[in-house]
Amino acid sequence: MKVALLSESPADEAALRVLVESALGERPQFVAAGLRARGWPNVAQLLPAVIRHLHFQTDADALAVVVDSDDSVVHTEEHERPDYFHPQCRMCGLRAVFRRTVKKLPPAHGRQRVLRGVGVAVPAVEAWYLCGRDDGVTEGAWVEGQRRGRLPYTRAELKWRVYGTDRPSLPHEIRCALQEVERHRRDARRLEADFPGFGALAREVRGWRQDNS
Amino acid sequence: MIASIAFRNFKALRNTSLRLAPFNLLIGPNGSGKTSLIQSLLHLRGLAKLPVDETARSGKSGHPEIVFKFAAPHDKVAARMGCVSDFVCDLLQVTPAGTAQWKSLRDDLVRTRSYLFDHYAMAMPAARDSGAVLAGNGGNLAAVLAHMEARHPGAFAALVGECVRILPEFAGIELTGGPQVSLVMQLTDGGRVPAENLSQGTLYALGVLGLAFDPMPPGILCIEEIDRGIHPRLLREVRDALYRLSYPQSFGLAQRPVQIIATTHSPYLLDLFRDHPEEIVLANKRGTEAQFERLADRPDIAELLREGSLGDMWFSGILGGVPEER
């Protein structure tokens, strides 16, 4: 299976490769390496062009994209209802962009469309890295903090916990990211349970093999 | 480290002040005082080399005047600089006068360095014995690297390691020649590229690395247009190289922090400061007068950061720091 990744940095891409491989249960062939977006809302603006590029110019079977939720509305079960769309939810937003874009594309390279994998790290990818190491860091804790108006941690605190500084160099960031996601390489169930924003990505990635057969 | 600078009648900086952080990235339209701020530090460096004027005379009314305050352990010291014109500053008064604090501070201030790289100069061979300090235009880059290789091989090896990581087409740096030393980059395929055939961006990146890995860095470092010639995706590396100087503890280094004042016109570079808006200084120009504003002082900054990237917001004009239009 040929998979493309859209990420914000080489560190995110390195970690996402491991997580996609874990969810897929096999090592995919990563194509169109180094596709980058400059954070939100740039990811959403760029996504249609990335999808069209992959569809027509490459033989990629699937695209995985992960964004940080930052302070946006977190995706919930309620958002999964048919025809539901929350305008402030990044998961709903990216899925809608995917839907709108692939709908207009004719088949190319022997496939109907590029398959979708969307994940949202709440509030940032460093929270995923802490899963299994810091029990207080979960998507539920963040959502509860939003509800109570008192967030359990900040993005800067998460960076400190992962990197030991809020100004990590890129090589240090990559090293830490790979070290942390190694825990989830063989079994990502804990990450799926604690972070439904990853669980949604993992389910879509698992579905690729079926969609691709 | 300088804590703040207050300007009166200095070029476009008629009446403005600025708190300085360990790392400061100045953005704003052309002619908005970014370079003037750096020039004020160079005037201070020049006057700090001279005996302090201990008389009570004051600068002439309406003439340029700049007041510097300093961070701990020099926080009791203030330096007032008077100028006869925008180009000639001839008065430096320090309060309290004659203190030991000023003496140690002065030793730092006279080592202040300022850079505006010139890739033509950087590509030229340089006198081998001129390599102790990188020249303001980077003109003696080859000599500086040769000096580092000879006197500080550990720092040189680290610089080469970082260089080949950032620019993976290269395998090493070679410094050739006798009294005149030349820079040659070794390619991973065994080829060699003399400095005059290197790209502008490669030479600038080498200049930044030369500063970042300098074993004896200055206390204050000014760099103009740090994004110049560098691919947007490599700007993170430029920022990190400079962070290495300003926040050495974040890189596991025990050296003293260097205060950095840098300028840019790149929205892509600005994007990289989303988590640290306190490091961004906006220069706003209205007519012929410019004012500084620290981005983190905006009351709506948290809300703005939720809405989108800093670079896009700067370009849009929401943040200020854009050219006036007729």
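Atoms considered below: every heavy atom in the structure, side chains included; atoms not considered: hydrogens, waters and symmetry mates. Since we're looking at a predicted model, the values are computed, not measured. Numbered from 1 within each chain, the chains take letters A, B, ... in sequence-line order.
- Within 6.0 Å of CD on B/Glu303 lie no more than 12 heavy atoms contributed by other residues, nucleotides or ligands.
- Interface residues of residues 226-234 of chain B toward chain A, defined by a heavy-atom distance below 4.5 Å and sorted by number: B/Arg233.
- The residues A/Arg167 and B/Asp275 are annotated as not salt-bridged, no charged nitrogen and carboxylate oxygen being separated by less than 4.0 angstrom.
- A/Arg38 places none of its side-chain heavy atoms less than 4.5 Å from the side chain of B/Arg274.
- Residue B/Phe315 places its CZ atom among 12 or fewer non-hydrogen atoms of other residues, nucleotides or ligands, all under 6.0 Å distant.
- Summarising the local packing, CZ of A/Arg27 is surrounded by 12 or fewer heavy atoms from other residues, nucleotides or ligands at distances under 6.0 Å.
- Using a 4.5 Å cut-off between heavy atoms, A/Glu173 contacts chain B through its side chain alone, with no backbone atom that close.
- Between the CG atom of B/Leu305 and the CG atom of A/Asp71 there is a distance of 9.5 Å, given to the nearest 0.5 Å.
- B/Arg256 CZ: 12 or fewer foreign heavy atoms inside a 6.0 Å radius.
- For chain B, the nearby part of A/Arg155 is the side chain; its heavy atoms alone come within less than 4.5 Å.
- Only the side chain of B/Glu279 comes within less than 4.5 Å of a heavy atom in chain A; its backbone stays farther off.
- The heavy-atom pair separating B/Ser309 from A/Pro41 by the smallest distance is N-CD, 4.3 Å.
- In this structure, the portion of A/Asp70 lying under 4.5 Å from any heavy atom of chain B is its side chain and not its backbone.
- Within residues 236-255 of chain B, the residues approaching chain A closer than 4.5 Å by heavy atoms are, in numerical order, B/Arg236, B/Glu237, B/Arg239, B/Asp240, B/Tyr243, B/Tyr247, B/Ser250, B/Phe251.
- Annotation for A/Arg111: atom CZ counts as buried by contact number, over 12 foreign heavy atoms lying within 6.0 Å.
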